[in-house]
Amino acid sequence: MKRYGQYCPVARAAEILAERWTLLVIRELLWGEDRFTGIARGLPRMSPSLLAARLRELQRAGLVQRHVVDGEPRYRLTPAGAELEPLLTQMAMWGARWMHELRPDEFDPVLLMLQIHRESQSVRMPEQATTVQVHFRDAPTGQQRWWLVLSRSGGVDVCDSYPGFPVSVWLETEVSILTRIWMGDMTWSAALRDEVLSLTGDHAACHALPTWLHVSPFATVERAPVSLPRWPNQASSSGAPL
């Protein structure tokens, strides 16, 4: 870890937390993931070797503990690591308020489906299990079709292969549209009105689906009038790095 050589508490904390991916690893642990594969699922663009390295660094820093349960490593936050939850919540609220313009490379169907699963609220679900087939027209091959099985007893089960239950609702849209609905930047009614999202199937289930599916906990954060600029991923047209 890089050292700043300053006594300032901000500098000391940044020595641990400002490494790339570190806060996202902590985010996954705060959301209850304790297996390596579960953490990796929420960080699909992070290599397994880098994730293993970050977990070791966080163990050395005293933020993560590693245990072996039935022969499998499990990870959990120490009290010092768990105390970061309000910090990450505040950062997320700041990001939702000031950086609300999303880039095309940030629309990820896997992460979106995972978030919908995590934030589901059983009390909002139908009494009887209902299956929704989701078709993303613009998703990469292998990530275009998903199935959501919604029930009061089980919340939302997300499947990337047909679960074998009769489908009640067919939802067709683009990843960016459902992401914007999830983030609170577009309403279901607006997406349906503009015909960028379609719902077909059982009429009652189609009507109820927006009430069954929750949205991001940061969807209600008031957006700033103008989003902060985002650095592009690629070099400028002149070829010089930005």
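Along the sequence shown, residues carry numbers from 1.
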- Task: I would like to know whether Leu197 and Ile181 meet side-chain contact (heavy atoms from CB on, under 4.5 Å); could you show each step before the answer?
- Result: CA-CA 10 Å; Leu197 180 148; Ile181 293 174; 3.8 Å; yes

Just how far is it from atom [atom1] of [X] to atom [atom2] of [Y], taken to the nearest 0.5 Å?
X: Met46; Y: Glu28; atom1: CE; atom2: CD; result: 10.5 Å
X: Asp108; Y: Leu112; atom1: CG; atom2: CG; result: 8.5 Å
X: Arg118; Y: Ser216; atom1: CZ; atom2: OG; result: 12.5 Å
X: Leu178; Y: Met186; atom1: CG; atom2: CE; result: 10.5 Å
X: Arg45; Y: Leu111; atom1: CZ; atom2: CG; result: 9.0 Å
X: Thr130; Y: Leu209; atom1: OG1; atom2: CG; result: 9.5 Å

Note: [X]-[Y] ion pair, threshold 4.0 Å (strictly below):
X: Asp34; Y: Arg74; result: yes
X: Glu101; Y: Arg230; result: no
X: Glu15; Y: Arg12; result: no

Side chain to side chain, [X] and [Y], heavy atoms closer than 4.5 Å:
X: Phe218; Y: Thr220; value: no
X: Glu19; Y: Arg54; value: yes
X: Thr78; Y: Val64; value: no
X: Phe165; Y: Trp147; value: no
X: Leu63; Y: Leu17; value: yes
X: Leu58; Y: Leu77; value: no
X: Trp212; Y: Val156; value: no
X: Arg137; Y: Gln144; value: no

Residue pair [X] / [Y]: nearest heavy atoms and the distance that separates them:
X: Gly201; Y: Cys206; result: N-SG, 3.9 Å
X: Arg223; Y: Ala219; result: NH1-O, 3.7 Å
X: Met113; Y: Val158; result: O-CG2, 3.6 Å
X: Ala11; Y: Gln6; result: CB-CB, 3.9 Å
X: Val175; Y: Ala139; result: CG2-CB, 4.1 Å
X: Phe36; Y: Pro48; result: CZ-O, 3.4 Å

Can any side-chain N or O of [X] pair as donor or acceptor with the backbone N or O of [Y] at less than 3.5 Å?
X: Asp194; Y: Val196; answer: no
X: Gln90; Y: Pro86; answer: no
X: Arg124; Y: Thr211; answer: yes
X: Glu85; Y: Ala82; answer: no
X: Arg66; Y: Arg56; answer: no

With a cut-off of 6.0 Å (strictly less than), are more than 12 heavy atoms of other residues, nucleotides or ligands near [atom1] of [X]?
X: Arg60; atom1: CZ; answer: yes
X: Glu72; atom1: CD; answer: yes
X: His203; atom1: NE2; answer: no
X: His207; atom1: NE2; answer: no

- Item | Check against side-chain contact (heavy atoms from CB on, under 4.5 Å), Leu23 and Leu88 | CA-CA 8 Å; Leu23 286 176; Leu88 264 68; 3.8 Å; yes

- side-chain contact (heavy atoms from CB on, under 4.5 Å) evaluation trace for Tyr75 with His67: CA-CA 6 Å; Tyr75 302 89; His67 303 271; over 6 Å; no

- Item | Remaining members of hydrophobic cluster (4.5 Å side-chain criterion), Trp94 |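 In the cluster with Trp94 are Trp98, Met99, Leu228.
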
- Task: Walk me through it: do Val167 and Val132 pass the test side-chain contact (heavy atoms from CB on, under 4.5 Å)?
- Result: CA-CA 6 Å; Val167 174; Val132 178; over 6 Å; no

- Message: Under the side chain to side chain donor-acceptor pair (under 3.5 Å) definition, can you give me all pairs with a residue in residues 157-167, not counting sequence neighbours?
- Response: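 The answer is none; no pair qualifies.
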
- Pairs where residues 163-183 contributes a residue and the test side chain to side chain donor-acceptor pair (under 3.5 Å) is met, not counting sequence neighbours: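 Every candidate side chain to side chain donor-acceptor pair (under 3.5 Å) pair involving residues 163-183 fails, so no pair, neighbours aside, qualifies.
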
Mind checking whether [X] and [Y] sit in one hydrophobic cluster, side chains of I, L, V, M, F, W, Y counted as touching below 4.5 Å?
X: Leu50; Y: Leu43; answer: yes
X: Leu114; Y: Trp21; answer: no
X: Leu51; Y: Val110; answer: no

